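In what follows, a single structure is set out as structure tokens and then discussed.
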Amino acid sequence: MKCFEVDGKPPDEAISVEVRDDGLYKMSCSRGHITLTAIQEQKFEVLFDLGAMALLDGYPREAISSIAASLERFFEYYITVIALKHGIPYEQFVEAWKPISKQSERQLGAFLFFYLLENKKSLAPVVLNTKPEIDGRSRSDTLTWGEFRNDVIHKGYIASTEEVIAYGNLVYQFIYRLIAELRATCSESMQKPVFHYLAKGHQTGDGKPIGTMTIPTLISLVRTNKPAPHLRDALPGLEKYRRWLYVRPQSNP
Ligand SMILES: [Zn+2]
């Protein structure tokens with residue numbers, strides 16, 4: 001940003017960073033300008049990508065743990081959006097979240113009832129109880145998402161790439177379905193969690209201006225074009241992006 005201010009054009013310099021939990025990236029360019037940049041993507045968007053990247057890298061088992069975490073953080077996002085839509089001050093929401101912050105079952109409960117409150121009907125089907133279609137496997141022999149996730153995470157089940165695509169797709173479809181539902185009724189409130197997160201970044205940066213940036217995640221709140229119909233169809237795009245990511249920092253345009 002500083003180079004841009006000085007030169008009137010963006011610098012021909014790219015900096016590689018490791019993905020951070022807080023989404024805030026402090027960087028220094030070759031001229032010593034220090035800037036703080038916030039990634040606008042929500043945690044669930046980043047986590048789903050980490051899962052998909054693990055799959056592309058040949059770690060299907062690890063992919064499931066990130067995809068499962070993505071789903072849980074999506075529940076939190078959904079609850080936040082509905083709370084803010086109903087005029088709950090953000091600080092009050094943060095207080096209310098504390099007692100359930102470490103218990104995913106309680107968060108699921110809150111999510112299901114916020115869904116009911118918002119839609120006047122219960123959520124069906126709930127992703128945890130859904131089963132994917134897997135070639136050569138009967139319906140009765142197929143685990144639900146919840147059972148499969150528990151087997152992978154708690155019992156060390158070594159999932160195949162095909163299974164991860166099938167189960168990951170359940171989560172992919174589910175989150176996109178709910179994003180579409182939110183867009184239809186709460187589009188204004190959908191950006192509010194992002195504003196609060198950027199405000200927090202402001203405090204971290206001691207009030208210094210922070211830049212924002214978006215990254216092209218597979219699951220994306222800001223996406224305007226239609227998402228790929230199946231996770232399998234979305235992966236080639238990510239593969240292309242991943243190759244670009246690894247090449248770009250070394251290239252000198
Ligand atoms: Zn600079």
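Not measured: the values here are computed from a predicted model. Order of appearance sets the numbers: ligands from 1, and atoms from 1 within every ligand.
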For Arg73 and Glu76: C-alpha separation, side-chain torsions, deciding distance, then whether salt bridge (Lys or Arg N to Asp or Glu O under 4.0 Å) applies.
CA-CA 5 Å; Arg73 298 290 51 86; Glu76 180 180 356; 2.7 Å; yes

Can you check whether Leu117's main-chain N or O pairs, donor with acceptor, with Lys120's side chain at less than 3.5 Å?
yes

Do any pairs count as a salt bridge (charged side-chain N to carboxylate O under 4.0 Å, His left out) and have a residue in residues 41-50, sequence neighbours left out, and if so which ones?
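Passing the test, one end in residues 41-50: Asp21-Lys43.
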
Check whether any side-chain heavy atom of His230 sits under 4.5 Å from a side-chain heavy atom of Tyr172, and report yes or no.
no

Please enumerate all residues that pass ring-ring contact (aromatic ring centres under 6.0 Å, His included) together with Tyr197, with sequence neighbours excluded.
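Tyr197 satisfies ring-ring contact (aromatic ring centres under 6.0 Å, His included) with no residue once adjacent residues are dropped.
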
Number of protein N, O or S atoms [distance to the Zn ion (ligand 1) under 2.8 Å]:
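N, O or S atoms of the protein closer than 2.8 Å: 3.
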
Partner set under salt bridge (charged side-chain N to carboxylate O under 4.0 Å, His left out) for Arg232, not counting sequence neighbours:
Glu162

